[in-house]
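One structure is given here, and the rest of the page talks about it.
Computed over heavy atoms, backbone and side chain alike; hydrogens, waters and symmetry mates excluded.
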Amino acid sequence: MTEEVGRDPESVSRFVEHFAAQLVEAGVPRMPARVFAALLASDTGTLTSAELGEQLKISPAAVSGAVRYLSQVHLVSREREPGSRRERYRVHSDQWYEALTSREAIIKRWEEALREGVAGLGPDTPAGRRLAETLAFFEFIEKDVAGMMERWRAYRERTFGR
């Protein structure tokens, strides 16, 4: 495994396990949470399967399953090393933006299903009213998220120059 220059491996491990535990409490499966935290804590933002396995003391199959999950939720990407069959897994500095943006498409599909549910159950039934309130919540959140992402991009540019 590549040693990060000037860093205490114990401190890195403590961070990885602590942050992963926070992600698990928020609903992220344990192995993907650990892999994501390890990638975040690496200076390059990239690690190979072997490096992840060695650092986290997990099997190649566990790494593969974790990376599959993280790729599906747009938190990491896979890259081939030039001239090699080996893959590196990368966490990007805009991973939260990408993950939230991908959720917008899911929320739109939920809204469509809820609209159909309100129409099918009737807007004046208790279930129809509950679905209508849920729909209104998602519509409210969706509008706020778009504005929030614009503010984030401006803030990020001012703060980090990207």
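- The side-chain hydrogen bond (donor to acceptor under 3.5 Å, both in side chains) search around Glu139 returns Arg115, not counting sequence neighbours.
- The shortest heavy-atom contact between Val16 and Ala38 is CG2-CA, 3.8 Å.
- Atom OG1 of Thr134 and atom CZ of Phe137 lie 9.0 Å apart (nearest 0.5 Å).
- Taking both residues in full, the closest heavy atoms of Leu70 and Pro32 are given as CD1-O, 3.5 Å, listed atom of the first, atom of the second, then distance.
- A side-chain donor-acceptor contact under 3.5 Å links Ser11 and Arg14.
- In summary, Glu79 and Arg88 do not engage in a salt bridge, as defined by a charged side-chain N under 4.0 Å from a carboxylate O.
- Qualifying salt bridge (Lys or Arg N to Asp or Glu O under 4.0 Å) partners for Arg130, counting only residues two or more places apart in sequence or in other chains: none.
- Side chains of Val63 and Tyr89 form a contact here, defined as non-hydrogen atoms less than 4.5 Å apart.
- For the residue pair Arg90 and Ser77, no side-chain donor N or O sits within less than 3.5 Å of a side-chain acceptor on the partner.
- Val28 places none of its side-chain heavy atoms less than 4.5 Å from the side chain of Leu75.
- Under the side-chain hydrogen bond (donor to acceptor under 3.5 Å, both in side chains) criterion, Ser49 pairs with no residue, sequence neighbours left out.
- Considering every non-hydrogen atom in both Val118 and Ala132, the closest pair reads CG2-N, 3.5 Å.
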* Is there a side-chain contact (heavy atoms from CB on, under 4.5 Å) between Val35 and Ile58 once you walk through the steps? -> CA-CA 10 Å; Val35 167; Ile58 59 176; 4.1 Å; yes
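- In this structure the side chain of Glu142 reaches within 4.5 angstrom of the side chain of Glu111, judged on heavy atoms.
- Side-chain atoms of Thr159 do not come within 3.5 Å of backbone N or O of Arg156 as any donor-acceptor pair.
- Here the side chain of Arg78 pairs no donor or acceptor atom with the backbone of Glu87 at under 3.5 angstrom.
- Cluster annotation: Phe36 and Val24 are assigned to distinct hydrophobic clusters (Ile/Leu/Val/Met/Phe/Trp/Tyr, side-chain heavy-atom contacts under 4.5 Å, transitive).
- Looking at residues two or more places apart in sequence or on another chain, you find a side chain to side chain contact (heavy atoms under 4.5 Å, CB included) between Phe15 and Phe19, Ala41.
- Checked against salt bridge (Lys or Arg N to Asp or Glu O under 4.0 Å), Glu112 has no partners two or more places apart in sequence or in another chain.
- The main-chain N or O of Pro60 is never found under 3.5 Å from a side-chain atom of Ser64 such that the two would form a donor-acceptor pair.
- Counting only residues at least two apart or on different chains, the salt bridge (Lys or Arg N to Asp or Glu O under 4.0 Å) pairs with a member in residues 18-35 are Glu17-Arg34.
- The CG atom of Leu47 sits 10.5 Å away from the CG atom of Leu40 when rounded to the nearest 0.5 Å.
- The local environment of CD in Glu133 is sparse, with at most 12 non-hydrogen atoms from other residues, nucleotides or ligands closer than 6.0 Å.
- For the atom pair CG (Leu121) and CG (Leu114), the distance works out to 10.5 Å, reported to the nearest 0.5 Å.
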